[in-house]
There are 4 protein chains.
Amino acid sequence: MEAQREGKFERILEAAINAFAELGYYQCPVSKIASLAGVAEGTIYLYFKNKEEVLIQIFQERMGAFITSMRHDLSLCETTSARLRVIVQAHFSYMEQNRSLAIVSQLELRQSNPRIRLAINGPLLEYFQLIEGVIQQGINLEEVPKIDLRIARQMIFGSLDEATTDWVMARNPRTLVSGIEPMLELFEGALRLNKPNDIRRGADEQKREEDGNADS
Amino acid sequence: MEAQREGKFERILEAAINAFAELGYYQCPVSKIASLAGVAEGTIYLYFKNKEEVLIQIFQERMGAFITSMRHDLSLCETTSARLRVIVQAHFSYMEQNRSLAIVSQLELRQSNPRIRLAINGPLLEYFQLIEGVIQQGINLEEVPKIDLRIARQMIFGSLDEATTDWVMARNPRTLVSGIEPMLELFEGALRLNKPNDIRRGADEQKREEDGNADS
Amino acid sequence: MEAQREGKFERILEAAINAFAELGYYQCPVSKIASLAGVAEGTIYLYFKNKEEVLIQIFQERMGAFITSMRHDLSLCETTSARLRVIVQAHFSYMEQNRSLAIVSQLELRQSNPRIRLAINGPLLEYFQLIEGVIQQGINLEEVPKIDLRIARQMIFGSLDEATTDWVMARNPRTLVSGIEPMLELFEGALRLNKPNDIRRGADEQKREEDGNADS
Amino acid sequence: MEAQREGKFERILEAAINAFAELGYYQCPVSKIASLAGVAEGTIYLYFKNKEEVLIQIFQERMGAFITSMRHDLSLCETTSARLRVIVQAHFSYMEQNRSLAIVSQLELRQSNPRIRLAINGPLLEYFQLIEGVIQQGINLEEVPKIDLRIARQMIFGSLDEATTDWVMARNPRTLVSGIEPMLELFEGALRLNKPNDIRRGADEQKREEDGNADS
DNA sequence: AATGAATGAGCCTTCATTCAT
DNA sequence: GATGAATGAAGGCTCATTCAT
């Protein structure tokens, strides 16, 4: 019974993600979520206080899990370069595998509605701190010059976010993950991350670099 | 009389920007726009087909002008570095001076409503092409290595966009323009823009470079 | 146009009185009021803040007028007996001529809903004070012994109210006004109004007095 | 088991009285009754056909017992005066000791909902007959002049009812029972019950009094 | 052109009632 | 008998849009 409850909560959440992605939060009637989830309209209100709460839960449930998983992956890295790779790869892979969620995240969650904003800011701030932590670590390790953490974070998150939006908007998009390498190149340039390797680099430098990054 | 027509159109547009920024597009009744503009509700429908059209016009009118002006500024530049500076500076200055418009752009325009998306894509694409053009030019001039234009543009636009969103969301934000220099640093690094100077540079090149950028 | 507005307000009020009387406040959908008034559902919300407000306005508009009129009639009386007659006669006549309003007043206005109660208490208190004023005057004129004002008012209002409720509930009711004289007898007895005069009275005094009041 | 059934029925009834008194019948969800009674929502439907039935049962159970008890007390009285005292005292004491029930009786039972009205009328009519019986007895015993039974009953019940409503509505009410004596005074006056005067009364006194009432 | 009263479709939410466990 | 999750009908209210003036 508990399992069934859990299952219904998840089904409604999943249905809402797809419904919001298709119609947009404000244009999506609760009845649409209900029919997608295969439950009665009133049932939704047994699991969520109101429609707004459904949107908030989407973000907290899914983004929370995403960030937790990313934090774990980051803890296994030893260089800033590897950490950046984790971020880019995780971001793109996750969004690509959760297209509807990506749509909702990119578009619908940018609401000026204060209550929604507030609820979203939690997980988002965590993500921001994760990114800023990686940069700060890079600075501490002297892999990265002293730069403005906030601006650097804005660049990294903004770039990933924009790439995702582009992909979401495009009718026949290239895969998101195909952008991982070029995006990493840009980030490493922006953070002046190449220098340490320059000295050692020979003709095959680029190849080795990619090998090294491949298993991250 | 034509001027008056023009005036009323403008007044409604301005009112709508502020109203949408304050309440959000879907939560903003047409009556709110009307009262802010000092016209009757029905009058709005003399100048705009419907509410959706008002939102679309906001983007086309204001972003159009913004892009036209930026294109002109870009034509006066001779180096990629200078062009990047124009983009960052124009973007941040414009948004900072048009906070309500920035809010609408950052938040409200990110709707999945297909008709709205389509109408917005026009001006946005133009902006994208502008940015990609600058990068392409850099590549042509051999100031920038061959990189994926789309990804680079996503980085540049995404970074600017995210910085703006941050600023819009913040209660007591730093000025946007204070981010111009650090953001340019990042972009130049990402695009490997330092190289052209290398030949002329001595040992302390990097220091001077940073000094030079600092007071701009 | 103003007149039309006024007219529509009245039409909705009248429709609501009948609709509430027929179905009861809580069982009466706003759509029922609308159709009775011959307006669209939304129109009601141009004239009333919400459904509750319609009920409140019924009481304030109609009871207010009723009390004002009664106060005027009372000012023309010179004896307590005459004043009691005005009260009973006005109450019964008014209710009889406004059956639906009477139903709403007797039944629907007895709501424990605090907001409604509060709004109703205004006019009701005024009515109570009117009655208590009449009794107090009788005491001052030594027509009535010193008695508890509140209890006496409860008796008078309660009796009138209950008679009205009875009439409202009955399928084939006697006329309300047929109860005027016997009710007055009871009130006069309760307030010991006959005795003091007996001594001073001439033979035909009582007859004349009643003749005088009869056509009021 | 029968006792348990009985117990649960009573618990639900008691819970409903308090719930209805607090929230009002229509604003009170069945779930509120259930939680107050400490049973599941569905359980209520094992003991009552529906929500309406709960309200009806409240009146029939409680008012039935009240009337039965009053009838017994009345049978012990020998004078009309004593009987009136029983009525007033029983009514006020009972309501005072059952405040929630009083609230429900005064306010919530005055619904125009026809089914509810019908069911309530049973016990109420019994009460009315009790009162009218007392008056008739008084007339038979020549303690009371010939008066309209219905009107007299309306006065007595209406007065008690209104006093109770007043008490229920008041924030810091005087006790109800403090009104017993003054109310009795009024009733005795209304019914010309003044024993003390019997001795002094002349032969024609009663006749004149009735003449006065005759034309009503 | 300008108005703003009127419209009515549509949506969120509640809650009495049912029924599988 | 008892439960309480699930249902879905129903209703108050909003608001984009129209149109008579």
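By convention in this document, chain letters (A, B, ...) are assigned in the order of the sequence lines, proteins followed by strands, and residues within each chain are numbered from 1.
- Note on D:E14 versus D:R62: salt bridge recorded, some NZ/NE/NH1/NH2 to OD/OE distance being below 4.0 Å.
- With hydrogens and angles ignored, the 3.5 Å screen pairs a side-chain donor or acceptor of A:Q60 with a backbone N or O of A:A119.
- Taking atom CD on A:Q27 and atom P on E:dC12, their separation rounds to 11 Å, with Å as the unit.
- Judged by closest nucleotide on DNA chain E, B:G42 is the one of B:G42 and C:V39 placed further toward the 5' end.
- Look at CD1 on C:I12: it is 13 Å from C1' on E:dT7, rounded to the nearest Å.
- Side-chain atoms of C:T165 and C:Q106 form a donor-acceptor pair, as typed in the model, at a separation below 3.5 Å.
- Rounded to a whole Å, the CD atom of A:E53 is 11 Å from the P atom of E:dT13.
- Listed nucleotides E:dA2, F:dT17, E:dG4 differ in distance to B:N50; the shortest reach to its side chain belongs to F:dT17.
- Using a 4.0 Å cut-off between charged side-chain N and carboxylate O, A:R99 and A:E22 make no salt bridge.
- Two residues, C:G38 and A:K49, neighbour DNA chain E, and the one matched to the more 5' nucleotide by heavy-atom proximity is C:G38.
- With rounding to whole Å, A:I33 atom CD1 is found 15 Å from F:dT7 atom P.
- For B:V30, counting side-chain heavy atoms from C-beta on, the closest listed nucleotide (F:dG12, E:dT7, F:dT17) is F:dT17.
- Regarding D:R115, its CZ atom lies at a distance of 13 Å from the C1' atom of E:dA16, rounded to whole Å.
- With E:dT7, F:dG11, F:dC13 as the candidates, the nucleotide lying closest to the side chain of C:Y45 is F:dC13.
- At a cut-off of 3.5 angstrom, counting only N and O atoms as typed in the model, there is no donor on one side facing an acceptor on the other between the side-chain of A:E41 and the base of E:dC12.
- Of the candidates E:dC15, E:dT17, F:dT18, the closest approach to any side-chain atom of D:K51 belongs to E:dT17.
- With distances taken from any side-chain atom of A:L46 to the nucleotides F:dA5, E:dT17, E:dA6, the minimum falls on F:dA5.
- The side chain of B:T43 lies closest to E:dA2 when the candidates are E:dC12, E:dT7, E:dA2.
- Here the nucleotide nearest the side chain of C:K8, chosen from E:dA16, F:dG12, E:dA6, is E:dA6.
- Taking atom CD1 on B:I44 and atom P on E:dA1, their separation rounds to 15 Å, with Å as the unit.
- Judged by distance alone, the side chain of A:K51 and the main-chain N or O of A:Y25 form a donor-acceptor pair under 3.5 Å.
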Review point. Dot-bracket for DNA chain E: what is it, with Watson-Crick or G-U pairs under 3.5 Å, [ ] where a pair crosses earlier ones, and | for a pair to another strand?
Key: .||||||||||||||||||||
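- Picking from F:dG8, F:dG4, E:dC15 the nucleotide with the shortest atom distance to the side chain of A:A40 gives F:dG8.
- Contact between C:I17 and C:L101 at its shortest, heavy atoms only, is CG2-N, 3.4 Å.
- Atom-to-atom, CZ of A:F48 to P of E:dT14 comes out at 15 Å; the value is rounded to the nearest Å.
- Put simply, CD1 on C:I33 and CZ on C:R11 are 14.0 Å apart, with the number rounded to the nearest 0.5 Å.
- Not counting sequence neighbours, the partners of A:F66 by the ring-ring contact (aromatic ring centres under 6.0 Å, His included) test are A:Y94, A:Y127.
- Rounded to a whole Å, the CZ atom of A:F9 is 15 Å from the P atom of F:dA5.
- In this model, the phosphate group of E:dA2 is approached by a side-chain N or O of B:Y47 to a distance below 4.0 Å at OP1 or OP2.
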